[in-house]
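A quick write-up on the structure given underneath.
In what follows, chains are A, B, ... by sequence order, proteins preceding strands, each numbered from 1.
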Amino acid sequence: MIPLSWYLLLAAALFSIGLFGVLARRNAIAILLAVELMLNAVNVNLVAFWRYLTPTQMAGQVFAVIVLAVAAAEVAVGLALVISVYRRRNTVVADELDMLKW
Amino acid sequence: MTLVQVFFLLIAAIILFSALKVVTTRNLVHAALWLVLMLFGVAVLFALLDAGFLAVVQVMVYIGAIAILFIFAVMLTRREEGKKEAALNPHWPAGALIAVLLFGALAWLLRGWQGLPAAAASMPADFDALRALGEALVSPQAFALPFEVASVLLVAALVGAVYVAYGRK
């Protein structure tokens, strides 16, 4: 059988790759893509713990479903903001969105 | 190494390779499509974990809605072709170092945990996970309130997103 630690290591690696994407990408939409990677890593973690420790109690899966819903809401708002900013500044490169700086 | 373990390693390789392509390709449409492949891999993982409903929801919501939303946003924010810009910002080595350090810390932490089971806890043969999930989501003693709050959050977020992105005079 597959040890639980394999799932947790996979989720940790996926989370780290998403973190690298958030820190290192130029385009704002690419940053949001990397945030989705991190949220999927969290979901893998939750469902793995649910299956391996308490498979008859649904709290783990409910948590994962709610994380999915929140991720959908966050992507909608984030992309709307990016599109709105693009209309004003004609750029989505994160470094060039610096109107709030002093 | 059993067949299931080989299968898991194959799916894990697909997921991690797709994730690396998501964060490194220059073309954003390609990045969104690599994300779709990664989401499929995670859906397969959910099916492997006996969370079949979650696997289907992952495909329908994440791939069918969120990834499509990403492709729409990429197409609405394109600049004129011919200007190939870099994928990574100038500080990407620091980001890579932080990511590697985080993974190292998590792996070291996991190696120190004793209580991680090597096999899944037994699920009764006639356990209807889908029915239990449905009852948990609507039962007032279980998770009806977080469910309703998540619904309100989704409505508010989508109304707000439409308003922010509307832009037509």
Between atom CG of A:Leu68 and atom CG of B:Leu54, what is the distance when rounded to the nearest 0.5 Å?
6.5 Å
Can you tell me which portion of A:Val93 sits under 4.5 Å from chain B's heavy atoms? Options are side chain, backbone, both or neither.
side chain
When the 4.5 angstrom heavy-atom criterion is applied to A:Ile31 and chain B, the contacting part is neither
With a 4.5 angstrom heavy-atom cut-off, could you sort out which part of A:Trp50 is near chain B: side chain, backbone, both or neither?
side chain
With rounding to the nearest 0.5 Å, note down the distance linking CZ in A:Phe20 to CH2 in B:Trp92.
6.0 Å
Pick one of side chain, backbone, both or neither for A:Arg25, based on which atoms fall under 4.5 Å of a heavy atom in chain B.
both
Do you know which of A:Val77, A:Val65, A:Val22, A:Thr56 has the most heavy-atom pairs under 4.5 Å to chain B?
A:Thr56
Looking at A:Leu19, A:Leu4, A:Leu79, A:Leu23, which one has more heavy-atom pairs under 4.5 Å with chain B than the rest?
A:Leu79
Of the backbone (N, CA, C, O) and the side chain (C-beta and beyond), which part of A:Val62 lies under 4.5 Å from a heavy atom of chain B, both, or neither?
both
To the nearest 0.5 Å, how far apart are CD1 in A:Ile83 and CG in B:Leu76?
5.0 Å
Between A:Gly21, A:Pro55, A:Ala34, which shows the greatest number of heavy-atom pairs under 4.5 Å with chain B?
A:Pro55
For B:Ala107 and A:Leu9 the tightest heavy-atom approach is CB-CD2, 3.8 Å
Counting only N and O atoms by type, is there a donor-acceptor contact under 3.5 Å from the side chain of A:Tyr52 to the main-chain atoms of B:Leu49?
no
Quick check on A:Ala59 against chain B: is it the side chain, the backbone, both or neither that has a heavy atom closer than 4.5 Å?
both
Could you tell me whether A:Tyr7 and B:Phe8 have their ring centroids closer than 6.0 angstrom?
yes
Minimal heavy-atom distance between A:Ala73 and B:Ala157, with the atoms involved, is CB-CB, 3.5 Å
Report the distance from atom CG of A:Leu53 to atom CG of B:Leu116, rounding to the nearest 0.5 Å.
8.0 Å
Considering non-hydrogen atoms only, spot the tightest contact between A:Arg51 and B:Asp50 and give its length.
NE-OD2, 2.7 Å
Would you give the length of the straight line joining atom CG of A:Asn45 to atom CG of B:Leu106, rounded to the nearest 0.5 angstrom?
9.0 Å
Rounded to the nearest 0.5 Å, what separation is found between the CG atom of A:Asn40 and the CZ atom of B:Phe46?
6.5 Å
Are B:Met38 and A:Leu14 side-chain neighbours, meaning at least one heavy-atom pair lies under 4.5 Å?
yes
